[in-house]
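Naming convention: chains lettered A, B, ... in sequence-line order (proteins, then strands); numbering from 1 in each chain.
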Amino acid sequence: MPGTLGADHSQGNPHRPRQGRAELYHNPPSLGFLASRMVTRYTSDLRGETPLLPFEPLDQYLQRQKKLAEVEARGFEAYPHKFDWTATPAELVEKYAAADHDALEASKPPVRVAGRILTLRLHGKAGFAHISGGGQRLQIYVKLDVVGPKIFELFQLMDLGDLIGVNGHLFRTRTGELTVWVSELTLLGKSLLPLPEKWHGLSDVEIRYRQRYLDLISNDKAREVFHRRAQIVRELRRFFDARGYIEVETPMMQPIAGGAAARPFVTHHNALDIDLYLRIAPELYLKRLIVGGLDRVYEINRNFRNEGISTMHNPEFTMLEFYQAYSDYHDLMALSEELFAHVAREVTGSTKVKYGDDELDFGNFQRMSMREAVCRYWPAGAAPAPSVADLAAPGGPRAAADRYNAWAQSHGREPIADLAAQKDGQITGLLFETLAESHLIQPTILYDFPTDISPLSKCRRDDSTLVERFEIYVAGMELGNAFSELNDPAEQERRFRQQVEAGGEEVPREVDMDYIRALAHGMPPTAGEGIGIDRLTMLLTDSHSIREVILFPLLRPEIPGEAAAGSDAADSSTQPSDDKK
RNA sequence: AGGGGCGUAGCUCAGUGGUAGAGCAGCGGCCUUUUAAGCCGAAGGUCGUGGGUUCGAUCCCCACCGCCCCUACCA
C-alpha cells in the first residue's frame, strides 16, 4: 500500500529505524540501483503485505501508482500480453514522408502502432502525444468525440514514459506533421518512474552508463551509436563470410591465459577444482584450429584484461581475430586496407570519416616502419634525430633513448623508465610509443616490429631482429595487430620459455605445451590479425571514449550507504561488507 | 596509482558566509489541429557524505564516496 510509505512504519517494521529509511529515500546514491536493492529488502521484511517500492522520486512514483490503480479500476489492463501492430513509428514516418495532407485524406491509411509516450500535450477535450519506436517519433491525436469518454479518460491518465498502442489512420495536422488520428488506445505497459527531461535529455554521464536504457530512450545519439556498432559487426561478418572464413567460438575460460601480454582475471571451476583465467586473447586456440585444417577462421568476441580503465580501455572489450593459412603479413596488409575501406564505406557512406577535428581517410593508408616513425617524430629539441640505421645498430636504440631521456628530464617530460632492463627491441618499442604513437592520426600500417616484443611472430626473412608484424594506428590509437604466425614449434617453445623466465605479471607462469604440441603436428604458414571492435566503433561514430560504444561499461558498483560509510549504521545489516577499497 | 574538474529539486542548470532559485517533469484548474503548446494556482531540496573554522557553512578548510578528463599500465 504505497500511500502509507511516508507514514510511521514502526508497527510492521519494528526493527527498521526510521531515520535510515528516510535518508535513503531522500539521498539515494542513484535511483535505479538503490531501488532494486531495497525492493528485495522490503518484500522480505513485510511478509505478505503489498511490497513497498520506494523508488525515487517517491512523490511521482506514488502518483503514477495511483494512476495505475485508476486505470485498472476502469477495467483496463496495465500490463497486457501483446499488441498486434502493423508498422513501427519509424516505418510510418519513413513510408509516409512524402504523402501530403490531401493524399492522406484521400486514402486515410489505417495503422496499428505501438510505442513509448515521450511528449504529451492535453488540450481539454483533445490532446497530442508523441510515441517513439524504432528510433523515431510519431505524433498521435486523441479526440474525445472520436474515441469516446472511456478511452479519453484512459488517455488523460497517461504519463510520459507509458507504453501504448493506438489504432487509427494517418493524417497531417495544420502544421503539416504526420499524425495518427486515434480511434482506439490501449495501455501496453505502465511506467512508474519519470523520464529524463524532454528537451535536454539525459546528460549526466554516470546515469547514462549505469542506466543505459534511459540514455537510449532520451538520446538519439546513443541509440545511433549502438545501431552503428551492430552494423559494423555485421559488415565484418559479411566481409569474412564472403571470403570463405568460418566463424568460430573458442574458450573464454582458459587454464593458461596466452596470446597477449596482459594480466588476466582469475576464476575457479568448482567441480574440477581448478583455477581458470578469463582469456586475454583467443589467438592460441584459433591457431590450433588452423592446425586442424580450418584454413580461414575468425572470431568476434570478448577479451578480458585486468588493467586500468581509460577512454581507450575497458576491462572487457571486443576483438575480431582472424587467421588465414598459406599467407603472410603482406597479404593481411592488403586485406586490412580493403576491410577498413569496406566497413567505413558501408557504415558511414564514405571512406572519409569525421573524427573530432580530423577527417580520417580509410581509403588511404600510409605505411611506415616502426624505426621510421621514431625518427620522423623525434622531438626537435632533442636533435639530432637518430637515423633508421642508428636504430638498427646494436645498442642504437639505447643510445637514442638515453639522449631522449636526458632531454626529457631537462624539459619536464616523462622519461622512459627502466631502460637498463630492456633489450634493444623493447627500447625501440618504447620509443615508438612515447614519441610517435599519438601522432599517427591518419590510418597507418606500422610494420617491422622488433622480435624482442613479438613472441608469436615469425622473423623477417632477412633480419632476425625484426618480425613480420604490423599494427594499425588511427587517431593515435592502436586498432589492429597482425603478423606472420610463428609455426616452428621449437622456436615457439624457446620464446615462451624466455618469456616465462623473464617473468612479470603480464606473462603466463608456464609454457602452454598443449599449444606447442599442436604446432608440432604442423601448422601451415599462417597470417593472423586482431582488430579492436570497440575502438573501430569509436572511430566510425565520432566517439571519444570507449564507454560511449560499450552498452554497459564497467563502473565501480554502487552500494547504497557507502557514501556515508562509517557514519550511517541504518543499513549496515543489509549491505555486503566492502572490504576491498 | 598521480594530477585536474565536477557533485544544488526527478531531469537540465543558475546562485550566495546569514540554511536556496529558474525551465522542464509532477500536482489542481482552463483549453477539441498542438508541437520545447499556452494561461492561472499550489507543491517539491538536511545543496554527495562526514568532520573542522565561524555567532552562523550549500559556499571557506580537511577527509571520504562517486563520476568525468589528463598522465601511467595496457589494446
Side-chain angles (χ1 to χ4, degrees), chain A residues 19 22-23 26-31 55-64 66-67 101 118-130 137 139-146 152 159-161 171-177 179 181 193-210 214 218 260-263 280-281 303 305-315 317-319 413-414 417 433-434 437 471-473 477-481 505-506 530-536 544-547 555-559 561-568 578 581:
Chain A
Q19 187 193 0
E23 168 136 354
H26 294 111
N27 293 303
S30 103
L31 71 219
F55 288 95
E56 287 287 342
L58 190 59
D59 56 337
Q60 296 195 38
Y61 179 76
L62 295 179
Q63 181 62 37
R64 284 168 180 241
K66 208 168 103 194
K67 286 190 184 177
H101 176 272
L118 291 189
T119 68
L120 208 44
R121 294 177 294 283
L122 269 64
H123 294 257
K125 298 189 179 62
F128 291 92
H130 278 104
R137 295 175 180 203
Q139 183 167 258
I140 65 170
Y141 180 53
V142 183
K143 211 157 85 127
L144 171 60
D145 48 19
V146 174
F152 197 74
D159 285 306
L160 295 183
F171 76 109
R172 278 192 192 276
T173 61
R174 254 175 226 155
T175 51
E177 179 162 354
T179 304
W181 182 275
L193 290 165
L195 291 175
E197 207 242 16
K198 68 180 175 188
W199 186 242
H200 298 92
L202 181 66
S203 65
D204 182 315
V205 283
E206 185 176 351
I207 300 178
R208 287 188 47 233
Y209 298 157
R210 287 195 195 278
L214 293 179
S218 54
R263 287 153 66 187
I280 57 175
N303 290 335
R305 299 192 183 173
N306 208 335
E307 302 287 350
I309 296 173
S310 77
T311 44
M312 284 189 269
H313 301 87
N314 193 62
F317 63 101
T318 301
M319 280 260 285
R413 301 271 204 98
E414 194 76 22
E433 284 168 19
T434 309
E437 183 172 358
E471 289 191 341
I472 293 164
Y473 284 88
M477 284 192 294
E478 183 186 338
L479 195 60
N481 182 13
E505 285 190 283
E506 299 182 350
I531 292 172
I533 300 303
D534 312 280
R535 290 181 177 180
L536 177 59
H544 296 260
S545 166
I546 201 165
R547 267 159 277 172
L555 299 178
R556 192 171 261 105
E558 195 178 12
I559 297 174
E562 168 145 299
S567 60
D568 181 1
D578 184 15
K581 285 261 167 14

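Contacts of A:Ser218 classified as side-chain hydrogen bond (donor to acceptor under 3.5 Å, both in side chains), with partners at least two apart in sequence or in another chain: none. Under the salt bridge (Lys or Arg N to Asp or Glu O under 4.0 Å) criterion, A:Arg172 pairs with no residue, sequence neighbours left out. Among residues two or more places apart in sequence or in another chain, the side-chain hydrogen bond (donor to acceptor under 3.5 Å, both in side chains) test is passed with A:Glu197 by A:His200. The side-chain hydrogen bond (donor to acceptor under 3.5 Å, both in side chains) test applied to A:Thr311 returns no partner, not counting sequence neighbours. The side-chain hydrogen bond (donor to acceptor under 3.5 Å, both in side chains) test applied to A:Tyr141 returns no partner, not counting sequence neighbours.
Note: CD1 (A:Ile280) to C1' (B:A75) measures 11 Å, nearest angstrom. When the C1' atom of B:C27 is taken as reference, atom CZ of A:Arg64 falls 13 Å away, rounded to whole Å.
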For nucleotides 2-8 of chain B, read 5' to 3', which letter fits each nucleotide if B means a protein heavy atom sits under 4.0 Å from the base, S means only the sugar-phosphate is that close, and - means neither?
-------
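You'll find a donor-acceptor pair under 3.5 Å spanning the side chain of A:Gln139 and the base of B:U34, going by distance alone. In terms of polar N and O atoms assigned as donor or acceptor, the side chain of A:Glu471 never comes within less than 3.5 Å of the base of B:A75 in a complementary pairing. Checked by distance alone, A:Ser203 brings no side-chain donor or acceptor within 3.5 Å of a matching partner on the base of B:U12. One can find a donor-acceptor pair under 3.5 Å joining the base of B:U34 and the side-chain atoms of A:Arg121.
Closest to the side chain of A:Phe128, from the set B:U33, B:A75, B:U12, is B:U33. For A:Arg547, counting side-chain heavy atoms from C-beta on, the closest listed nucleotide (B:C31, B:C69, B:U33) is B:C69. Residue A:Thr311 has its side chain nearest to B:C70 when only B:C70, B:C67, B:U32 are considered. If you check B:U34, B:G26, B:C67 against the side chain of A:Glu206, the one that comes closest is B:C67. When distances are taken from the side chain of A:Thr179 to each of B:G66, B:U34, B:C31, the shortest belongs to B:U34. Ranking B:G26, B:C11, B:U32 by closeness to the A:His123 side chain, first place goes to B:U32.
Counted by atom type alone, A:Tyr473 and A:Glu471 present one or more donor-acceptor pairs between their side chains at under 3.5 Å.
Using a 4.0 Å heavy-atom distance criterion, A:Leu195 is classed as making no nucleic acid contact.
Judged by ring centres under 5.5 Å apart and planes tilted less than 30 degrees, A:Phe317 stacks against the six-membered base ring of B:A75.
For B:G44 and B:G26, the C1' atoms lie 9 Å apart once the distance is rounded to whole Å. Taking atom P in both B:U34 and B:U46, one finds a spacing of 41 Å when rounded to whole Å.
No donor-acceptor pair under 3.5 Å is formed between the side chain of A:Arg547 and the backbone N or O of A:Met312.
Within the shown strands, B:U71 is the pairing partner of B:A1 under the Watson-Crick or G-U definition, both distances less than 3.5 Å.
Heavy-atom nearest nucleotides on RNA chain B were determined for A:Pro315 and for A:Arg172, and the one closer to the 5' end corresponds to A:Arg172. Residue order along RNA chain B, read from the 5' end via each residue's closest nucleotide, puts A:Pro196 first among A:Pro196 and A:Ala126.
Contact between A:Met319 and A:Ile533 at its shortest, heavy atoms only, is C-CG1, 4.1 Å.
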